[in-house]
Chemist: 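The structure is given below, and queries will be raised subsequently.
In this text the structure is predicted, and so the values were computed from the model without any measurement.
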Amino acid sequence: MKKKGSFMMTIGLLLLAVALLLSGYNIWQSMQGDKYADAALNELIPEINQNCEKEDVAQPDYVLFPDKEMPVKLIDGMYYVGVLQFPELNVTLPIIDKEWTLEKLNRGPCRYVGSPYKDNMVLAGHNDFPHFRPIYDLTVGSEVIFTDMDGNVFKYKVAWTEVLLPTEADKI
């Protein structure tokens, strides 16, 4: 009986160690994502602000050509299409261009499909800090702002919220 108790205690300690290692890895990965997001924002925001300061035109290009490709900026091997802001939460996120992968999602939210020019852009992101976890605090009516690399600003209001399970991607 003593051997069985020792064996179970050892298994329990091993499982606890594995759980701690996995938790540590998740925290480290989140911190890496935050580091990449900050570095991207440090390059994206000045360029976007510079493009916003350019002379206003009567009608932006995307109105005349809604099928045009979104402008991108290459940073550290990733193409970014702009920034997403949640003013109520004081959160700004860089948005990585489409053809998302797990590696890209670990760095920040990605454009899943569509574009703001056609009013059909869908974003995908991890449910962790610093990425999409804060949006749980958004309420109906909260403002969301997307600014593309040309400095075009698209303002939205939250109409409803819904949390999808990873197995429910077809609902997107």
Side-chain angles (χ1 to χ4, degrees), residues 30-164 166 168-169 171-172:
S30 182
M31 290 170 50
Q32 289 298 105
D34 193 27
K35 182 179 93 173
Y36 285 120
D38 285 345
L41 288 171
N42 286 336
E43 289 192 45
L44 292 171
I45 290 176
E47 184 169 328
I48 288 171
N49 288 340
Q50 181 180 358
N51 289 339
C52 284
E53 293 171 2
K54 290 181 180 174
E55 185 177 322
D56 288 333
V57 291
Q59 214 168 22
D61 271 356
Y62 72 85
V63 173
L64 300 172
F65 309 103
D67 291 325
K68 82 175 205 144
E69 286 294 317
M70 294 184 71
V72 296
K73 177 164 179 74
L74 180 64
I75 301 172
D76 195 26
M78 302 282 175
Y79 288 98
Y80 290 84
V81 293
V83 297
L84 187 67
Q85 296 172 287
F86 303 98
E88 181 179 307
L89 305 175
N90 196 28
V91 171
T92 302
L93 300 169
I95 303 299
I96 299 169
D97 199 14
K98 60 185 176 180
E99 297 178 15
W100 56 275
T101 63
L102 183 57
E103 178 190 1
K104 289 179 181 180
L105 285 174
N106 285 336
R107 289 188 179 203
C110 299
R111 178 168 68 126
Y112 182 75
V113 69
S115 84
Y117 311 146
K118 289 184 160 186
D119 201 26
N120 66 352
M121 185 166 72
V122 176
L123 302 177
H126 276 312
N127 175 18
D128 63 3
F129 287 104
H131 301 140
F132 277 175
R133 171 70 82 194
I135 67 175
Y136 279 112
D137 295 329
L138 290 177
T139 58
V140 171
S142 296
E143 185 176 49
V144 179
I145 303 168
F146 175 75
T147 307
D148 74 5
M149 291 308 303
D150 282 345
N152 297 306
V153 178
F154 302 85
K155 294 184 178 186
Y156 306 94
K157 296 277 185 189
V158 174
W160 80 90
T161 63
E162 181 178 358
V163 178
L164 299 178
E168 297 178 306
K171 290 186 178 181
I172 295 173

Chemist: Any idea which heavy atoms bring Pro109 and Pro94 closest together, and the distance?
Modeler: CD-O, 3.6 Å
Chemist: Please name the residue in the list Leu93, Ile145, Thr92 that meets the side chain to side chain contact (heavy atoms under 4.5 Å, CB included) test with Phe86.
Modeler: Leu93
Chemist: Hey, could you give me the CZ/CG distance between Arg111 and Asp148, rounded to the nearest 0.5 Å?
Modeler: 10.5 Å
Chemist: With a 4.5 Å cut-off on side-chain heavy atoms, are Tyr80 and Leu41 touching?
Modeler: no
Chemist: Kindly give the heavy-atom pair with the smallest separation between Tyr117 and Met70, and that separation in Å.
Modeler: CE1-CG, 3.6 Å
Chemist: Do Ile48 and Met149 have side chains that approach each other closer than 4.5 Å (heavy atoms only, starting at C-beta)?
Modeler: yes
Chemist: Check whether any side-chain heavy atom of Thr139 sits under 4.5 Å from a side-chain heavy atom of Glu88, and report yes or no.
Modeler: yes
Chemist: Just by distance, do the side chain of Asp150 and the backbone of Asn51 share a donor-acceptor pair under 3.5 Å?
Modeler: no
Chemist: How long is the straight-line distance from OG of Ser142 back to CG of Leu89, given to the nearest 0.5 Å?
Modeler: 7.0 Å
Chemist: So do Lys157 and Val140 actually touch side chain to side chain, heavy atoms under 4.5 Å?
Modeler: no
Chemist: If you measure from OG1 on Thr161 to CG on Leu138, what distance do you get to the nearest 0.5 Å?
Modeler: 8.5 Å
Chemist: Measure the spacing between OG1 of Thr147 and NZ of Lys155 and express it to the nearest 0.5 Å.
Modeler: 9.0 Å
Chemist: If every non-hydrogen atom of Pro116 is compared with every non-hydrogen atom of Tyr156, which pair is closest and at what distance?
Modeler: CB-OH, 3.7 Å
Chemist: Give a yes or no on this: more than 12 heavy atoms of other residues, nucleotides or ligands lie within 6.0 Å of atom NZ of Lys68.
Modeler: yes
Chemist: Give me the atom names and distance for the closest heavy-atom approach of Phe146 to Leu84.
Modeler: CB-CD1, 4.1 Å
Chemist: Is a donor on one side and an acceptor on the other found under 3.5 Å between the side chain of Asn120 and the backbone of Ser115?
Modeler: yes
Chemist: Which class fits the ring pair Phe154 and Tyr62: parallel under 30°, tilted 30 to 60°, perpendicular over 60°?
Modeler: tilted
Chemist: Going from CD on Glu43 to NZ on Lys73, what distance comes out if it is rounded to the nearest 0.5 angstrom?
Modeler: 5.5 Å
